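What follows is one structure encoded as structure tokens, with my remarks underneath.
The figures that follow rest on heavy atoms only: side chains count, while hydrogens, waters and symmetry mates do not. The first residue in the sequence is number 1, and the count goes up from there. Just so it is clear, the model here is predicted, and its values are computed rather than measured. Counting starts at 1 for both ligands and their atoms, in listed order.
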Amino acid sequence: MRKAVLDRFMKCNILKVKKREAMPVEKKVILVIVDGLGDRAVKDGKTPLQLAKKPTLDELAKKGSTGLMSAIGRGIIPGSDTAHLAIFGYEPQTYYKGRGPFEALGVGIDLREGDVAFRCNFATVDENLRVIDRRAGRLKDEGAELAKSLQGMEIEKTEVIFLPSTEHRGVLVLRGEGLSPSISDTDPHTSGNPPVLKSKPLKDTEEARRTARIVNEVVRKSNEILSSHPLNKKRKEEGKFPANIILTRGAGVYQKVESLKERYGFSSCCIAGSALYKGVAKYVGMEILKVPGATGRIDTDIEAKAKAAKEALRKFDLVFVHVKGTDNASHDGNLEEKLLMIEKVNRLAELLKDEDAYLIITADHSTPISIKRHSSDPVPVLIYGDKVRRDEVKSFDEVSVSSGCLGHITGVELMKIIVDLMGCGHMVGS
Ligand SMILES: [Zn+2]
């Protein structure tokens, strides 16, 4: 036995996945996660996947291994963030620290250990701080300009960082000593002109009280600064809602975790349009690729994504491709758009199926059109590639794959299967 292999073998704890040294993987992987793909019977007793035209996906199901997946566990309704964490192999129960840090990483902020991050909206309030519009009339490109005016704040010796995201969205990061993510949102989350909420400590600690105080001051100052911003004066003149305050939600603390490379020894990258998915990917150490045309919406350029994935395969061992439009269509209750997005996914599969890699296609969760929200219904999973077992399944849909040879797995189990396919797993015993 070669010394390096022997060393690794000797160090190997048989029940835990241990760090690996960098070695070439046996086979690369393209992991496509189609957001909110799973559904319930929506028309003639069929799900959108059963209704859609998707010859390539069906062909891959015929030639590959299929099954069902409940990303976090059966009967559990996953968020997109927690489901992705699980599929990347990180138990959400241990690794999920709130959505804010993912959004911050996703817009490109280099977080430091202990930073507390929030998702934010630019919103419109009246002089009594009642919320007229939580999205400031769905801001277009003005967010970047407005965000500049909020730079450089320091409150109670805490650095305040604010960066714009897409449309009316932004990210707030507090950096300094003695901060806590255990505080409530200032975003009232409802319509009907509710007042801006005061952030409150959710734990009886000085850190939580202090952080709530700082956030309330940031929100107050944002209102002061943005109210007199020339861009808002212009918006008012044009009869638009001024973006005159930021509202905070989803507080979370950043803690660095062991990367996929450190855990398993393979390199990885992410092709996605929306900040959240880039953020979760960055959290586990993936490199984020810029792909023009990857919008995170139904108009996403699937050909550009496929091209980027093919190129990325030359450099990376695992290429994660995210498709968001299916989830948007479901949240809007729009069957026609969901079918269109499934056809786009079919095209993506067609463009990627001949690569020298395993092609794995699944979803993070179901978003049934009939209820317009996430549900715990399991999602289909498909593994296509060299010498994988072929089951009897002939169609890639929620019902057909239930008799597939993968059975019913969790997200963490899927990553274990992927790690083994890549040749990066460890044997238990001898
Ligand atoms: Zn999702």
Before we go on, tell me: are the rings of Tyr384 and Tyr358 under 6.0 Å apart, centre to centre? no
Looking at the Zn ion (ligand 1), which N/O/S atom of Asp364 is the nearest one? OD2
Pairs touching residues 364-391 that satisfy salt bridge (charged side-chain N to carboxylate O under 4.0 Å, His left out), sequence neighbours left out: Arg40-Asp377
Could you tell me whether Lys148 and Glu145 have a side-chain N and a carboxylate O separated by less than 4.0 Å? yes
Answer yes or no for His374: is there an N/O/S atom below the 2.8 Å cut-off from the Zn ion (ligand 1)? no
salt_bridge(Arg169, Glu103) N-O dist < 4.0 Å: no
Please give the atom name: the N, O or S atom of Asp35 nearest to the Zn ion (ligand 1). OD1
Listed pairs under 3.5 Å, donor-acceptor, residues 266-280 side chains, sequence neighbours left out:
from: Ser267; atom 1: OG; to: Asp317; atom 2: N; distance (Å): 3.1
from: Ser267; atom 1: OG; to: Asp317; atom 2: OD2; distance (Å): 3.2
from: Tyr277; atom 1: OH; to: Asp35; atom 2: OD2; distance (Å): 2.9
from: Tyr277; atom 1: OH; to: Ser80; atom 2: OG; distance (Å): 3.3
from: Tyr277; atom 1: OH; to: Lys324; atom 2: NZ; distance (Å): 3.0

Metal site angle (apex the Zn ion (ligand 1)), NE2 from His365 and OG from Ser80, 10 degrees: 110°
Is the Zn ion (ligand 1) less than 2.8 Å from an N/O/S atom of Asp327, whether that atom is in the backbone or a side chain? no
